[in-house]
Peer 1: 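Have a look at the structure that comes next, please.
Treat the numbers as computed from the prediction; the structure is a model and nothing was measured.
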Amino acid sequence: MAPRRARIAFSDSAAKQLEDLTTERELHALDRALVAISVDPEIGVPIPADGTRPELRQYTDEIEDVRVLYFITALRTVVVVAYIET
């Protein structure tokens, strides 16, 4: 049995960014990145922190020119903080 995918949730600011996406290319790029993260939440690179909040990670998809900032909860939910076109 294959491992189940992580659940994806959006912070308020990321949800607002999602509302502002207008092109199919932007939606495809974000969707591709979210699928990769949901399959393997550890795929992103940790961003150094001071230890007082959840460890942020960043996933960059070089093909789609997109970067996603997120953290993983104890229940393996991925919370997207920001979506950035590079």
Side-chain angles (χ1 to χ4, degrees):
M1 180 191 218
R4 76 179 177 92
R5 289 185 175 186
R7 188 173 150 265
I8 302 287
F10 295 90
S11 68
D12 291 343
S13 60
K16 174 65 177 134
Q17 284 182 297
L18 191 59
E19 290 174 8
D20 294 339
L21 297 181
T22 57
T23 69
E24 187 156 327
R25 191 195 86 63
E26 291 172 319
L27 292 170
H28 175 76
L30 178 58
D31 188 51
R32 178 181 161 99
L34 294 177
V35 167
I37 293 168
S38 73
V39 170
D40 180 10
E42 303 291 329
I43 196 170
V45 177
I47 298 173
D50 61 11
T52 61
R53 54 188 170 264
E55 178 184 70
L56 280 177
R57 301 181 76 81
Q58 82 176 343
Y59 170 74
T60 304
D61 184 324
E62 307 272 332
I63 295 170
E64 297 290 344
D65 291 329
V66 66
R67 183 168 59 134
V68 177
L69 303 180
Y70 66 97
F71 65 90
I72 307 166
T73 69
L75 297 176
R76 197 174 148 88
T77 297
V78 172
V79 177
V80 175
V81 176
Y83 158 77
I84 304 161
E85 270 190 282
T86 56

Peer 1: With Thr22, which residues qualify under side chain to side chain contact (heavy atoms under 4.5 Å, CB included), at least two apart?
Peer 2: Glu26
Peer 1: If you define the side chain from C-beta out and look only at heavy atoms, does anything of Thr60 sit under 4.5 Å from Val66?
Peer 2: no
Peer 1: Sorted by first residue and then second, give each side-chain hydrogen bond (donor to acceptor under 3.5 Å, both in side chains) pair with at least one member in residues 27-36; sequence neighbours left out.
Peer 2: His28-Glu64, Arg32-Asp61
Peer 1: Counting neighbours of CD on Glu24 that are heavy atoms of other residues, nucleotides or ligands and sit closer than 6.0 Å, is the number greater than 12?
Peer 2: no
Peer 1: Throw together a table of side-chain donor-acceptor distances under 3.5 angstrom for residues 35-45, partners on residues two or more places apart or in other chains.
Peer 2:
residue : atom : partner : partner atom : Å
Ser38   : OG   : Leu34   : O            : 3.4
Ser38   : OG   : Val35   : O            : 2.9
Asp40   : OD1  : Glu42   : N            : 3.2

Peer 1: For Ser11 versus Val79, what's the shortest heavy-atom pair and its separation?
Peer 2: N-CG1, 4.1 Å
Peer 1: What heavy-atom pair brings Ile47 and Glu55 nearest, and what distance separates the two atoms?
Peer 2: O-CG, 4.5 Å
Peer 1: Report the C-alpha separation of Leu30 and Leu21 in whole Å, then their side-chain angles, then the decisive distance to 0.1 Å, and conclude whether the side-chain contact (heavy atoms from CB on, under 4.5 Å) test is met.
Peer 2: CA-CA 10 Å; Leu30 178 58; Leu21 297 181; 3.7 Å; yes
Peer 1: Would you sort out whether Thr77 and Ile72 count as a side-chain contact (heavy atoms from CB on, under 4.5 Å), showing the intermediate values?
Peer 2: CA-CA 6 Å; Thr77 297; Ile72 307 166; over 6 Å; no
Peer 1: Evaluate the criterion side-chain contact (heavy atoms from CB on, under 4.5 Å) for residue pair Phe10 and Leu18; output intermediate values, then yes/no.
Peer 2: CA-CA 9 Å; Phe10 295 90; Leu18 191 59; 4.2 Å; yes
Peer 1: Inspect the contact between Asp12 and Lys16 and indicate whether a charged nitrogen and a carboxylate oxygen are less than 4.0 angstrom apart.
Peer 2: no
